[in-house]
Colleague: 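This is the structure I have questions about; it appears just below.
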Amino acid sequence: VLDLTYAFGPETIYWPTATPFARKDTSHGKTEAGFYYAAGDYAASEHGGTHLDAPVHFFEKGAGADGISPSRLVGPTWILDAREACAKDPDHLVARADVAGEIPENVIVLVLTGWGRYWPDKKSYLGDDRPGKTDALSFPGLDPELARELVKRKVRAVGIDTASIDRGKSTKFEAHRVLAEAGVPIFENVANLDGVPADSWIVAAPMKIEGGTGGPLRLLALAPRPGPRTYEMGDAAAKRVIDWAPSECEIELSGKQMKVAVAATFAYGPRAAELEAALSRALFRAQFDDVAWKAPRWPAPSRR
Ligand SMILES: [Zn+2]
């Protein structure tokens, strides 16, 4: 499990016009009854740190933070790596030309610009660190045309490792509007995006604020289940694995090398754990069957 969330504290970057995060202790220390007790108050804008933009942020009839379907908040991820183009131009619009191949359907798109490396330095992350000023911001964002295409691909949500899905120079916030009108939640200031393995699943858990236009977001990536593993085994054992392994597994034989894995389609299904277990069992028994029944039990029976 990877944490794609920045901690909320005094250094956390908020939109220049937004109220930053604040927290204070209301209790801290030994109570009169003799035990330790701590509690605090916090306050902040809905739009800062790793956070959600609910559709109502840019679309009047859109869902608030409490109205987003949970099925939009969990799903397989698709990472749009545009680091190269963004490194050349800090005002780059991540567009269709940055995408190799087809865009999958029903995924959570994470736009990787590489801007996470500047966090938490406001000047380099936002392009400008003057409080309240937004006229000289500079960082990459998503091209509204590509946003439209993502909507057509029925993406569940879109995240980015910058302060806004629209680039810093944007004045019309078109990518926000396209996604908001289509009911697509947006995740901004996504942390550690360069470390997310391609086939990860994303779990987004924003604070469920009634009518909220967004809010603090805990974003997690579940790295893929064990991928293909390679074993060395003889023909007889290989034949047994093929006979005994569940049919939802992929088995590749080349010479004495056998590559096995639960097929990707099933790797996250409800039977995933069961299939992994059945595959392990087949592998173990196929390789050690003859030996296992003949060998003494472990620990070896005592001869005393
Ligand atoms: Zn926002």
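Hydrogens, waters and symmetry mates are skipped; everything else that's a heavy atom, side chains included, is used. As the structure lists them, so they are numbered: ligands from 1, and atoms in each ligand from 1.
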Colleague: Can you list the protein N, O or S atoms less than 2.8 Å from the Zn ion (ligand 1)?
Modeller: H47 ND1, H51 NE2, D53 OD1, E188 OE1
Colleague: For the pair K239 and D243, find out whether any cationic side-chain nitrogen is under 4.0 Å from an anionic carboxylate oxygen.
Modeller: yes
Colleague: Is there any side-chain hydrogen bond (donor to acceptor under 3.5 Å, both in side chains) pair reaching into residues 250-264, and which pairs are they, with sequence neighbours excluded?
Modeller: E232-Q257
Colleague: What pairs meet the side-chain hydrogen bond (donor to acceptor under 3.5 Å, both in side chains) rule with one or both residues in residues 29-46, with sequence neighbours excluded?
Modeller: E46-T213
Colleague: So C86 and F139, do their side chains get closer than 4.5 Å, heavy atoms only?
Modeller: no
Colleague: If a pair satisfies side-chain hydrogen bond (donor to acceptor under 3.5 Å, both in side chains) and one of its residues is in residues 180-195, list it, with sequence neighbours excluded.
Modeller: H51-E188, Y125-N189, H176-E188
Colleague: Quick test of your reading of the model: are E174 and R177 salt-bridged, counting only N-O distances below 4.0 Å?
Modeller: no
